[in-house]
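In what follows, a single structure is set out as structure tokens and then discussed.
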Amino acid sequence: MLGIVSLLVWTLVITTSVKYAGFAMRIDNDGEGGILALMALLGVKRVRRPLIIACGLFGAALIYGDGAITPAISVLSALEGLILVEPALQPWVLPLAIAILVALFAIQPYGTASIGRAFGPVMALWFMVMAALGISGIVRHPDVLWALNPVYGITFLLHSGGVGFALLGGIFLCATGAEALYADMGHFGAGPIRLAWSALVFPSLVLNYAGQGALLLAGAPTAGYGQIYVGAVNWTLMLVTAALALAFRKSDNLAGAYGIAVSLTMTMTTGLFFVVDASFVASNLLKLADGGYVPLLLAAAVYAVMYIWHRGIDAVGASLQSQSVPVADDMARLEREGVARVPGAAVFLTRVRSGTPVVLQWYVGHAHALQQQVIALHIETASVPHVDAGKRLTVVDEAPGYAFVQAEYGFMERPDLGALMRQVAAGRVAVDLADLSYFVGQERIVGREDGTGLPGWLRASFAALLRNSARVTDYLRVPKDQLIEIGRQVEI
């Protein structure tokens with residue numbers, strides 16, 4: 001028992017205090033943490049690093065499995081405590097768990113700040129109660145404090161044969177919130193997280209684990225123990241979480257899936273700066289047949305979507321770039337052909353960074369006219385969370401009445417084209433905002449006639465994703481009454 005408590009305590013010390021709170025939280029991307037922020041920090045937008053991208057995307061995919069399993073195991077394990085008080089409540093545990101999960105997901109739209117204000121005092125009280133209960137157990141059997149010596153944990157692992165290694169999968173569950181602690185830096189800041197962990201959460205957990213060990217050393221029964229974890233949730237995860245709760249029915253059945261999801265997520269993150277979690281992964285792999293396959297299947301599905309989208313978008317960009325022509329040549333051609341330049345201003349959203357936007361060429365080909373002021377607008381996502389408003393715009397006058405504008409946004413920002421064009425009009429480009437039209441291409445994906453390009457299965461999958469994706473005009477908040485969408489066929 002002293003060996004197990006020692007492993008619990010030192011897992012918290014090494015994994016959470018040293019690795020995440022002490023080291024990982026120093027590696028932030030302008031205050032943002034988590035595996036995707038770390039991937040962006042390594043400069044994948046500037047240099048092609050396929051291994052880093054694959055590692056980051058698969059780690060992000062595992063987070064979806066973690067995010068679905070965490071609420072399910074948390075609520076189920078908490079409600080299973082009712083059975084210790086009244087065994088007749090057993091049939092009510094699952095329905096109550098589903099009701100609570102739905103309620104928790106329903107309050108997510110109120111935002112992190114509101115939820116934090118509501119749950120912060122509750123969580124603080126929860127940890128103080130855990131500490132008090134732990135102290136009461138330690139008082140009954142103070143010898144348990146010898147478990148603070150790491151020698152007991154090491155000795156247990158060395159002399160328990162395969163039992164100690166198998167138990168690592170369960171012991172690891174004490175540290176499953178560490179990845180979320182790192183990812184939540186952008187919400188709360190590194191300082192408050194370190195303070196909450198060091199001053200309240202870590203001492204409370206150590207006292208509670210020691211108190212539980214003391215009660216067991218004093219002869220207490222070993223059934224009914226559960227743990228509470230807090231995970232990120234959203235509406236999609238609500239459906240998956242509820243389905244997992246219904247499918248597995250007991251938190252014990254979800255423990256294998258939970259451990260493998262979080263331990264693999266940690267390993268993906270660790271693989272980007274140092275390796276420390278391999279033993280936990282190996283131990284949790286023993287639970288693969290007992291539900292551990294669930295997060296792997298979820299991660300594989302999410303990763304497949306990310307991979308297909310990434311390949312498809314790259315192929316679309318390359319196809320459009322190949323169709324683009326130099327601006328000076330295209331403007332000269334329009335003048336030679338006598339294309340009318342009509343009053344007003346037009347913004348053409350373009351995926352390419354050089355040359356005339358293909359959507360402009362298609363528009364002129366059908367309308368045989370072009371506005372007097374043309375703005376080719378390219379939106380770029382930077383590898384930092386936020387971009388200073390004063391450094392957002394790059395404007396290049398490429399021809400009379402033609403300007404190329406690149407707007408750079410951080411990956412935590414959402415563009416607003418109405419506000420952006422007000423900034424453009426206030427700068428170097430004279431634009432009448434009341435007489436402005438936005439032209440956006442709607443791609444229809446087809447294969448190349450020569451048979452080259454993406455494999456058929458990948459192209460068809462990307463086309464299906466594109467048809468069902470959120471509209472880019474909604475994401476960019478393009479003014480609806482000034483929007484013109486042009487259908488176009490893109491060969492990839």
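All residue numbers refer to positions in the sequence shown, counting from 1. Any value given below was found using the heavy atoms of this structure, including those in side chains, with hydrogens, waters and symmetry copies removed.
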Test side-chain contact (heavy atoms from CB on, under 4.5 Å) applied to Gln90 and Glu80, step by step: CA-CA 8 Å; Gln90 169 74 54; Glu80 284 166 357; over 6 Å; no
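- Taking CD1 of Ile492 as the reference point, atom CG of Leu454 lies at 4.5 Å (rounded to 0.5 Å).
- No donor-acceptor pair closer than 3.5 Å links the side chain of Ser319 to the backbone N or O of Val490.
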For residues 440-447, dump all side-chain donor-acceptor pairs below 3.5 Å to protein atoms at least two apart in sequence or in another chain.
residue: Gln442; atom: NE2; partner: Glu485; partner atom: OE2; Å: 2.7
residue: Glu443; atom: OE2; partner: Arg351; partner atom: NE; Å: 3.0
residue: Glu443; atom: OE2; partner: Arg351; partner atom: NH2; Å: 3.3
residue: Glu443; atom: OE2; partner: Arg488; partner atom: NH2; Å: 2.7
residue: Arg444; atom: NH1; partner: Gln489; partner atom: OE1; Å: 2.6

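- For the pair Val93 and Ile83, the minimum side-chain heavy-atom distance is below 4.5 Å.
- No side-chain heavy atom of Ile14 sits under 4.5 Å from any side-chain heavy atom of Lys19.
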Go through His366 and Ile486 one step at a time and tell me if the side-chain contact (heavy atoms from CB on, under 4.5 Å) criterion holds. CA-CA 10 Å; His366 288 284; Ile486 299 178; 5.7 Å; no
Run the side-chain donor-acceptor check on residues 194-203: report pairs under 3.5 Å with partners two or more places apart or on a different chain.
residue: Arg194; atom: NE; partner: Ala21; partner atom: O; Å: 2.7
residue: Arg194; atom: NH2; partner: Ala21; partner atom: O; Å: 3.4
residue: Trp197; atom: NE1; partner: Ser17; partner atom: OG; Å: 2.8
residue: Ser198; atom: OG; partner: Arg194; partner atom: O; Å: 2.9

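- A donor-acceptor pair is defined here as one N or O able to donate and one able to accept, closer than 3.5 Å; such a pair exists between the side chain of Ser204 and the backbone of Phe127.
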Passes side-chain contact (heavy atoms from CB on, under 4.5 Å), Leu76 versus Leu94? Steps please. CA-CA 7 Å; Leu76 280 172; Leu94 190 58; 4.1 Å; yes
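- Closest heavy-atom contact between Gln423 and Ala389: NE2-O, 3.0 Å.
- We find the CD1-OG1 distance between Ile171 and Thr15 to be 11.5 Å, quoted to the nearest 0.5 Å.
- Take Arg392 and apply the salt bridge (charged side-chain N to carboxylate O under 4.0 Å, His left out) test, not counting sequence neighbours, and it matches Glu413.
- Side-chain atoms of Tyr475 and Pro415, non-hydrogen and from C-beta on, do get closer than 4.5 Å to each other.
- Between Arg459 and Pro455 the shortest side-chain heavy-atom distance does not fall below 4.5 Å.
- Checked against salt bridge (charged side-chain N to carboxylate O under 4.0 Å, His left out), Lys391 has no partners two or more places apart in sequence or in another chain.
- Considering all non-hydrogen atoms of both residues, Thr16 and Ala178 come closest at OG1-CB, 3.8 Å.
- Here OH of Tyr438 is found 5.5 Å from CG of Leu417. Values are rounded to the nearest 0.5 Å.
- Under the 4.5 Å side-chain criterion, counting only non-hydrogen atoms from C-beta, His378 is in contact with Phe404.
- Between Lys480 and Asp474, some side-chain heavy-atom pair lies under the 4.5 Å cut-off.
- Not counting sequence neighbours, the partners of Tyr363 by the ring pair (Phe, Tyr, Trp, His ring centres under 6.0 Å) test are Phe348, Phe439.
- Smallest separation of non-hydrogen atoms from Thr11 and Cys174: CG2-SG, 3.8 Å.
- Note: Phe156 CZ to Leu7 CG = 6.5 Å, rounded to the nearest 0.5 Å.
- Inter-residue side-chain proximity for Arg414 and Leu476 is flagged as unmet; no heavy-atom pair is nearer than 4.5 Å.
- We find the CG-CG distance between Leu89 and Leu82 to be 6.0 Å, quoted to the nearest 0.5 Å.
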Between Leu377 and Gln406, does a side-chain contact (heavy atoms from CB on, under 4.5 Å) hold up when you go through it step by step? CA-CA 6 Å; Leu377 177 60; Gln406 176 169 302; over 6 Å; no
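- When all heavy atoms of Ala88 and Pro91 are compared, the pair lying nearest together is O-CD, 3.2 Å.
- Partners of Trp309 according to the ring pair (Phe, Tyr, Trp, His ring centres under 6.0 Å) rule, which considers only residues two or more places apart in sequence or in another chain, are Phe462.
- Using a 4.5 Å cut-off on side-chain heavy atoms (C-beta onward), Val75 and Leu96 make no contact.
- When all heavy atoms of Ala407 and Leu420 are compared, the pair lying nearest together is CB-CD2, 3.7 Å.
- The shortest heavy-atom contact between Leu101 and Ala72 is CD2-N, 4.2 Å.
- Atoms CD1 and CD1, on Ile308 and Ile313 in that order, are 12.5 Å from each other to the nearest 0.5 Å.
- Looking only at atom types and distance, the side chain of Arg311 has a donor-acceptor partner in the side chain of Tyr307 under 3.5 Å away.
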